[in-house]
Each structure stands twice: as C-alpha cells, then as structure tokens.
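The next block holds one structure in the form of structure tokens; read it before the comments.
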Amino acid sequence: MKTPIISPSLLSANFANLQADLDVINRSEADWLHIDIMDGVFVPNISFGFPVLKYVAQLSQKPLDVHLMIVQPEKFIPEVKALGAMMMNVHYEACPHLHRVIQQIKDAGMKAGVTLNPATPVSLLADIITDVDMILLMSVNPGFGGQEFIPHTLDKIRELRSLIERTGSHALIEVDGGVNLETGKALVDAGADVLVAGSFVFGAPDMIERVGQLKRL
C-alpha cells in the first residue's frame, strides 16, 4: 500500500499564532503545506492575501501547495511564483481558457494543478489530463472548513484514476474536505495520492501525532 502525501491546510491554523503552528508542521511528517486563497467572489469567503503569505512562505519548511479559489487566477501567477510555490492549483470552473492557464503556470516554473468542485464531472478533464501535474477533487463545497465529507467523491476518484491510467497521465490525485482517519483510509483505498487535512490536523491535541496517523493509513 502506498504512503499518502499529507498536505495540512493552513486555513484551519490559529491565525493569531501562525508561527507556532507552522513550527509544529515543520517538525511533523507533513509533506506539503496547503494554502487556500479565497476572494469572496468565486467562493463565499475571504482567507488571506499575499502580504501574509509572504511571511508564511518564509516560515514554512514544507513545499507550498497553493490552491486559488478565485476568479481570474492567472492574474496572480507572478505573486504565487514569488512565494516559491511548488504547486499552483486553479479551478476548472474559474478558467474558461484552462489550457492556456496551465501553460502559463508551467512557464513560470511551477507545477500545475486543476481543481474540480463536487458537482463538476471528472469527464471534463479528458482534454487536459496529460498536461497537468495534479487534480484536486473537492470533497466538500469550497469556501469553509469543517464541512461533512461528500461520499460520492470516492466514485470520482475511481473514475479519475481510470482516466489517468488510460491516457498515460502522471497526474496525482489530491482530495480536500472532511478528511479524517476513516475517510482518509477510504480515499487512499480508492486511489487518492494526496490528502489535504485542515481542522482534523490543526484541531488535534497533538498535531505531530495526527499527521503521523494520516501518513500511516
């Protein structure tokens, strides 16, 4: 059984004491740090902007997995690149010219990810699946943490895994929303490579132990 990549979501950290939480994540077995950027337009919430994230990037020892839940995400490719981000993830639903945006992200020297909302079918990825490095499936509706996991996500993972294998794509499958030990095990068994966990990690009494539990699903 493969070991999942764990990407704790900064959205659930203590914003009044980010440095302390980041220090713990740095000492944990977490592989990446997941950063959700929200604009209050594409999703009904606002998270943090680049002035804050500049300092997060300086403090984090983990590769940055940046997820833009915003309209016209391509406008911010230079800012995401300036953070030193490893991955820039944009929503299928926010990019009418998705192939162009994927190429722009790669031209900037980052890996390119594409996110699907819960109601967006996997079949829409057929024409770009070999161009992307990762697909993020939202297992909750984007915009807020702490939501209940949508079980249909497991079927979408299996369908996506089949598409990846059929086309020879090397894309990873990432899942975000409602991840805990039970859902995480089901997600990995279904074919997920990367688990994003927010409140389940940052709300744990021992965050280091909690990340370790997810690594050993």
Interatomic spacing from CG in Leu64 to NE2 in His67 - rounded to 0.5 Å: 15.0 Å

Parallel, tilted or perpendicular: ring planes of Phe50 versus Phe76, cut at 30 and 60 degrees: parallel

Spatial distance of atom OG (Ser169) from atom CG (Leu163) [nearest 0.5 Å]: 7.5 Å

Side-chain heavy atoms of Ile35 within contact of Phe48, under 4.5 Å: yes

Polar contact flag, side-chain donor to acceptor under 3.5 angstrom, His34-Asp36: yes

Donor-acceptor side-chain pairing of Gln213 and Arg210 below 3.5 angstrom: yes

Check: Asn89 and Ile105 side chains under 4.5 Å, non-hydrogen atoms: no

Flag side-chain contact, heavy atom, 4.5 Å: Glu174 against Val196: yes

Under-4.0 Å salt bridge between Asp189 and Lys185: yes

Minimum side-chain heavy-atom gap Ile135-Tyr92 below 4.5 Å: no

NZ/NE/NH1/NH2 to OD/OE distance under 4.0 Å, Arg161 and Asp193: yes

Approximate separation, where rounding is to 0.5 Å, of Leu83 CG and Gln58 CD: 10.0 Å

Heavy-atom check, side chain of Val194 versus side chain of Ile173, under 4.5 Å: no

Rounded distance (nearest 0.5 Å) linking atom CG of Leu11 with atom CE of Met38: 4.5 Å

Any Leu10 side-chain heavy atom under 4.5 Å of Ile25 side chain: no

Gap between atom CD1 of Ile5 and atom CG of Leu214 - 0.5 Å precision: 13.5 Å

Close side-chain approach of Asn45 and Met69, heavy atoms under 4.5 Å: no

Heavy-atom check, side chain of Val179 versus side chain of Phe200, under 4.5 Å: no

Rounded distance (nearest 0.5 Å) linking atom CG of Leu33 with atom CG of Asp31: 11.5 Å

Linked, directly or transitively: Met87 and Val101 (ILVMFWY side chains, under 4.5 Å): no

